[in-house]
Colleague: 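Handing you this structure, nothing more for now.
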Number of protein chains: 2
Amino acid sequence: MTQPDTTSQAEVGAAYFRLFNEIGIIAQLSRTLLEARLPKGIILPHFSVLNHLIRVRDGRTLMELASAFQVPKTSMTHTVGGLEKAGFVTVQPNPADKRSKCVFITSEGRTLAAGAVTALGPDVAELAQDFPLERVQAMLPQLEALRTIMDAKRG
Amino acid sequence: MTQPDTTSQAEVGAAYFRLFNEIGIIAQLSRTLLEARLPKGIILPHFSVLNHLIRVRDGRTLMELASAFQVPKTSMTHTVGGLEKAGFVTVQPNPADKRSKCVFITSEGRTLAAGAVTALGPDVAELAQDFPLERVQAMLPQLEALRTIMDAKRG
DNA sequence: CTTGTTTGGTCCGATATCGAATTATATAGT
DNA sequence: ACTATATAATTCGATATCGGACCAAACAAG
């Protein structure tokens, strides 16, 4: 009996599908929201990388960044290239491994990220009126757990 | 006192940012997972549209589809064009409004979507071992609420 | 030390995405 | 009815994304 209770296999699949569908749409919405507050030409992946460098640590390699965001390394090369050309990061060879490069955020990069966070303040405040912080805090552990599990399956 | 309790403004923003960051990564992971089971050349947006036509109803217009997934209409034109060329949908003029067109799924389209769902069965089952259905069911209403609220703000 | 394999990164070509401008139809205001 | 505005969709150009091929350094095995 691999189907012990009243929930059919198809219904189970449908629930997971709805989950990922909702997540996909929210990702899309939040992306649009953020990009409306970023300078022209700077998009979500740029901001995400800058923020990662600030939050986690400076000097991550391209591969570390790519796996942190679960994107192909070619995409990360392109994203970092754009940030470098715009002067928001510098890229330096890794003395510990000559194959790899380390990405450092510049003060311009920090300014950009901080400015975006500030610009988003009112949007967050407005959202918090309808979807309060407690609900976010309740969801976060669940999402983190799901992310970790999925990460592990396709490491 | 717009800052009544112990949680600072910055910390509040950080929580929402982490929320959207997790959601973005999960969206990315689920996309990769799905596309691994789809025929070459068919990607998430294609599948999403087919599924929407099945779940919600046949004959939606391009704008309805675009707003359902919160993507620009130009992107939806492109996506539906690909589906049409591949024979998974047909597009017909809308008799009620000559500006718009209605998208209908073909039997090939239904077959494709059903096949993908079947192919994903084992993946879902495996995921369900580590992240069981109850947790999904607990999260879904929260995500739907958040999606609805964000939808409303940027309708 | 050599050879085979793995790993970090880039380059290239194909497709996806999206904003701006355009066309055609619909709707509103007078 | 007539003009103004709004809406559905497409086209076009610019950029993003990604898979495959490639190169160079690291590492493993003999």
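For the numbers below, each heavy atom of this structure counts, side chains included, while hydrogens, waters and symmetry mates do not. Worth saying up front: this structure is predicted, and the values here are computed from it rather than measured.
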Colleague: Regarding B:Q28, tell me which of base, sugar-phosphate or nothing describes its non-hydrogen contacts under 4.0 Å with the strands shown.
Modeller: sugar-phosphate
Colleague: To the nearest Å, give me how far apart CG (A:L34) and P (C:dC18) are.
Modeller: 14 Å
Colleague: Let me spell it out: for each of B:S100 and A:R99, pick the nucleotide of DNA chain D with the closest heavy atom. Which residue's pick is nearer the 5' end?
Modeller: B:S100
Colleague: Quick check: on DNA chain C, is the nucleotide nearest A:T61 upstream (toward 5') of the one nearest A:R31, or the reverse? Name the residue that is more 5'.
Modeller: A:T61
Colleague: Tell me: CG of A:L65 to P of C:dT10, nearest whole Å?
Modeller: 11 Å
Colleague: For D:dC18, does OP1 or OP2 lie under 4.0 Å from any side-chain N or O of A:S75?
Modeller: yes
Colleague: Could you please name the option among D:dT17, C:dG8, D:dG19 that lies closest to any side-chain atom of A:M63?
Modeller: C:dG8
Colleague: Using whole Å, what does the distance between atom P of nucleotide C:dT25 and atom CG of B:L62 come to?
Modeller: 16 Å
Colleague: When you measure from the side-chain N and O atoms of B:T77 to the phosphate of D:dT10, is any distance below 4.0 Å, counting only OP1 and OP2?
Modeller: yes
Colleague: Does C:dA16 have OP1 or OP2 sitting under 4.0 Å from an N or O in the side chain of B:H78?
Modeller: yes
Colleague: Quickly work out the A:K73 NZ to D:dA21 P distance and round it to whole Å.
Modeller: 13 Å
Colleague: What nucleotide, of C:dA16, C:dA20, D:dA9, holds the atom closest to the side chain of B:I43?
Modeller: C:dA16
Colleague: Specify the separation, in whole Å, of atom CD1 of B:I42 and atom C1' of C:dT15.
Modeller: 12 Å
Colleague: Could you give the distance from CG (B:L19) to CZ (B:F17), rounded to the nearest 0.5 Å?
Modeller: 10.5 Å
Colleague: Rounded to the nearest 0.5 Å, how far apart are CG of B:L62 and OG of B:S67?
Modeller: 11.0 Å
Colleague: Give the rounded distance in Å between these two atoms: CD of A:Q70 and P of D:dC18.
Modeller: 11 Å
Colleague: Out of D:dT17, D:dG20, C:dC18, which has the shortest distance to the side chain of A:T74?
Modeller: D:dG20
Colleague: Return the value, rounded to whole Å, for the distance between atom CZ of B:F69 and atom C1' of C:dT17.
Modeller: 16 Å
Colleague: Is any NZ, NE, NH1 or NH2 atom of the basic residue among B:R135 and B:D130 found under 4.0 Å from an Asp or Glu carboxylate oxygen of the other?
Modeller: no
Colleague: With a 4.5 Å heavy-atom cut-off, do A:L65 and A:L53 have their side chains touching?
Modeller: yes
Colleague: To the nearest Å, give me how far apart CD (A:E35) and P (C:dT17) are.
Modeller: 13 Å
Colleague: Under 4.0 Å between a side-chain N/O of A:K101 and OP1 or OP2 of C:dT10, yes or no?
Modeller: yes
Colleague: Is B:D97 touching bases, backbone alone, or none of the nucleic acid, heavy atoms closer than 4.0 Å?
Modeller: sugar-phosphate
Colleague: Would A:E22 and A:R18 satisfy salt bridge (Lys or Arg N to Asp or Glu O under 4.0 Å), going step by step from the backbone distance to the final call?
Modeller: CA-CA 6 Å; A:E22 293 295 336; A:R18 277 174 55 205; 5.8 Å; no
Colleague: What is the nucleic acid contact for A:K98, judged by heavy atoms within less than 4.0 Å: base, sugar-phosphate only, or nothing?
Modeller: sugar-phosphate
